Amino acid sequence: MTDVAVIGAGPAGLSAAINVVARGKTVRLLSGGENYLARAEQVDNYLGFYGVTGQELMHSFYAHAAQMGITVEKGRVANVLPMESSFLLNFSGDMIEAKAVVLATGVAKMKAVAGEEEFLGRGVSYCATCDGMLFRGKRAVVWGLAKDAAKEANFLADIGVQVQFVAAAPKEELNEGIPFLLGAVQKIEGEETVCAAVVNGERIPTDVVFVLRDAIAPSTLIPGVQEKDGYIAVTREMQTNIPGLFAAGDCTGKPLQISKAVGEGLIAGQQAAQYVGSRAE
């Protein structure tokens, strides 16, 4: 059990994490991959850091967190389940329990395809290592949008799942015996459960579709979280409609700027720590 789990290690997530620790609470900082800021050639609008690259700025942020004893854990959060007094997070197949959660996931660039949300838990999964054993001896379409997707496809094949791998480009890590389809999943079909995936206009019979993205839309990650104009709805305290669940940064809406993300992360981290403290009293 940790006090606060922060999902996302960009400016908002790092800001939230250091403020949780500064208030004497424990934190786990979970990251799905490189932050988009690290790719920026030049940043001129963040106070005190004129003319730096995004990579230099992120290096400073990471160094600050490291000096406070915060470690960035690389992996993918597949889902978050609110419990009575805590949250359960599926993190790359491992279960993490936290008293509060801060979402700092940024903006999910890809929207759910037709049928994805409808069949979630009924033949659509976001974690092959979590749910793979349920489909031993059955057919699976693995849509490889994440960096480690080929490894998860290999794992499924190794435990006896009949895998077809779909991606926008070939993956060197993919085992030679796994059929590869160049393209994307356009639709997921079924009745009570999934029965097919449409790839490049072709209907492929399957029992499950593993949608392996680096980032998952918050509404899919945590069913029931309220949104407004496609972003997570929050109060001035960065509280969502779910008690103990806070959000900060680009996932809460425009402007999509570093200063906003850092400021919201500070508030979310403070409020999450305060929430945990109030529950302990």
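Heavy-atom basis, side chains included; hydrogens, waters and symmetry copies ignored. Everything numeric here is computed off the predicted structure, so don't read it as measured data.
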> Which is it for E116 and Y126 under the side chain to side chain donor-acceptor pair (under 3.5 Å) test, yes or no, and what are the steps along the way?
Replying inline: CA-CA 10 Å; E116 178 181 335; Y126 298 122; 2.6 Å; yes

>> As a quick check of understanding, evaluate side chain to side chain contact (heavy atoms under 4.5 Å, CB included) for I242 and F87, giving each step before the final call.
In response: CA-CA 11 Å; I242 298 175; F87 295 82; 4.1 Å; yes

> Do you know which two heavy atoms are closest between R76 and A146, and how far apart they sit?
Replying inline: NH1-CB, 3.6 Å

> Under the 3.5 angstrom rule, does the side chain of E227 hit a backbone N or O of A233 as a donor-acceptor pair?
Replying inline: no

>> With clusters defined by side-chain heavy atoms of hydrophobic residues (ILVMFWY) lying less than 4.5 Å apart, directly or transitively, does V198 cluster with V209?
In response: no

> How long is the gap from OG1 on T105 to CD1 on I7, to the nearest 0.5 Å?
Replying inline: 7.5 Å

> Is the side chain of D148 donor-acceptor paired with the backbone N or O of K151 at a distance under 3.5 Å, no angle test?
Replying inline: no

> Applying the 4.5 Å side-chain criterion to the ILVMFWY set and letting contacts propagate, would I204 and F135 be lumped into a single cluster?
Replying inline: no

>> Is it the case that the side chain of D250 and the backbone of G106 share a donor-acceptor pair, with hydrogens and angles ignored and the cut-off at 3.5 Å?
In response: no

>> Could you go through M58 and L14, starting from their C-alpha distance and side-chain angles, then the distance that decides it, and tell me whether this counts as side chain to side chain contact (heavy atoms under 4.5 Å, CB included)?
In response: CA-CA 10 Å; M58 284 303 301; L14 287 161; 3.9 Å; yes

> With side chains defined as the heavy atoms from C-beta onward, is the minimum distance between S86 and M1 less than 4.5 Å?
Replying inline: yes

>> Looking at every non-hydrogen atom in both residues, tell me the closest pair between R213 and A112 and how far apart they are.
In response: NH2-CA, 4.0 Å

>> Could you check whether any side-chain heavy atom of L37 comes within less than 4.5 Å of a side-chain heavy atom of L57, counting everything from C-beta outward?
In response: yes

> What do the steps show when you test V194 against E189 for side chain to side chain contact (heavy atoms under 4.5 Å, CB included), and what is the final call?
Replying inline: CA-CA 6 Å; V194 167; E189 299 179 343; over 6 Å; no

>> Is any side-chain heavy atom of V107 closer than 4.5 Å to one of Y231?
In response: yes

> For A12, does its backbone N or O pair with a side-chain atom of S15 as donor and acceptor, under 3.5 Å?
Replying inline: no

> Under the side chain to side chain contact (heavy atoms under 4.5 Å, CB included) criterion, do R122 and F119 qualify, and how do the steps go?
Replying inline: CA-CA 5 Å; R122 296 188 293 126; F119 290 105; 3.9 Å; yes

> What's the shortest heavy-atom distance between T206 and A197, and which atoms?
Replying inline: CG2-N, 3.9 Å

> After noting the C-alpha distance and the side-chain angles of N200 and Q186, does the key distance pass the side chain to side chain donor-acceptor pair (under 3.5 Å) rule?
Replying inline: CA-CA 7 Å; N200 303 334; Q186 299 161 317; 4.8 Å; no

> Can you check whether V225's main-chain N or O pairs, donor with acceptor, with T240's side chain at less than 3.5 Å?
Replying inline: no

> Which value, rounded to the nearest 0.5 Å, describes the distance between Q270 atom CD and R23 atom CZ?
Replying inline: 3.5 Å

> Looking at side-chain heavy atoms only, is the closest gap between N45 and S259 below 4.5 Å?
Replying inline: no

>> Could you measure the distance from the CD atom of E73 to the CG atom of D94? Nearest 0.5 Å is fine.
In response: 9.5 Å

> If we only count heavy atoms from C-beta on, is the D131 to F210 side-chain gap below 4.5 Å?
Replying inline: yes

> If you round to the nearest 0.5 Å, how far is CZ of F49 from CG of L47?
Replying inline: 9.0 Å

> What is the minimum heavy-atom distance between A65 and I18, and which atoms define it?
Replying inline: CA-CG2, 4.0 Å

>> Go through it in stages, so that I can follow the logic: the residues are T252 and K260, the test is side chain to side chain donor-acceptor pair (under 3.5 Å), and I'd like the CA-CA distance, side-chain angles, deciding distance and then a yes or no.
In response: CA-CA 10 Å; T252 68; K260 169 183 173 290; 3.0 Å; yes

> Any chain of hydrophobic side-chain contacts (each under 4.5 Å) joining M133 to V163?
Replying inline: yes

> V77, F246: one ILVMFWY side-chain cluster at the under-4.5 Å cut-off?
Replying inline: no

> Can you hop from L145 to I188 via hydrophobic side chains spaced under 4.5 Å?
Replying inline: yes

>> Any heavy-atom pair between the side chains of V211 and V185 that's under 4.5 Å?
In response: no

>> Are V276 and V4 packed together at the side-chain level, in the sense that at least one heavy-atom pair is separated by less than 4.5 angstrom?
In response: yes

>> Restricting to non-hydrogen atoms, name the atom on N241 and the atom on P243 that form the minimum distance, rounded to 0.1 Å.
In response: O-CD, 3.6 Å

>> As an exercise, state the distance from CG of L103 to SG of C251, rounded to the nearest 0.5 Å.
In response: 6.0 Å

>> Looking at D207 and A140, would you say the former's side chain and the latter's main chain have a donor-acceptor pair under 3.5 Å?
In response: no

> Distance-only, no hydrogens or angles: does the R136 side chain make a donor-acceptor pair with backbone N or O of I159 under 3.5 Å?
Replying inline: yes

>> Under the rule for side-chain hydrogen bond (donor to acceptor under 3.5 Å, both in side chains), what residues qualify as partners of D229, not counting sequence neighbours?
In response: none

>> Nearest 0.5 Å, please: how far is CE in M95 from CG in L88?
In response: 4.5 Å

> Would E264 and R236 pass as an ion pair if we require N to O under 4.0 Å?
Replying inline: no

>> Taking atom CD as the centre, does E56 end up with more than 12 heavy-atom neighbours from other residues, nucleotides or ligands that are less than 6.0 angstrom away?
In response: yes

>> Please find the pair of heavy atoms, one from Q239 and one from G244, that lie closest to each other, and give the distance.
In response: NE2-N, 3.7 Å

> Side chains of L245 and I222: does their closest heavy-atom pair fall under 4.5 Å?
Replying inline: yes

> Sequence neighbours excluded, which residues qualify as side-chain hydrogen bond (donor to acceptor under 3.5 Å, both in side chains) partners of Q42?
Replying inline: D44

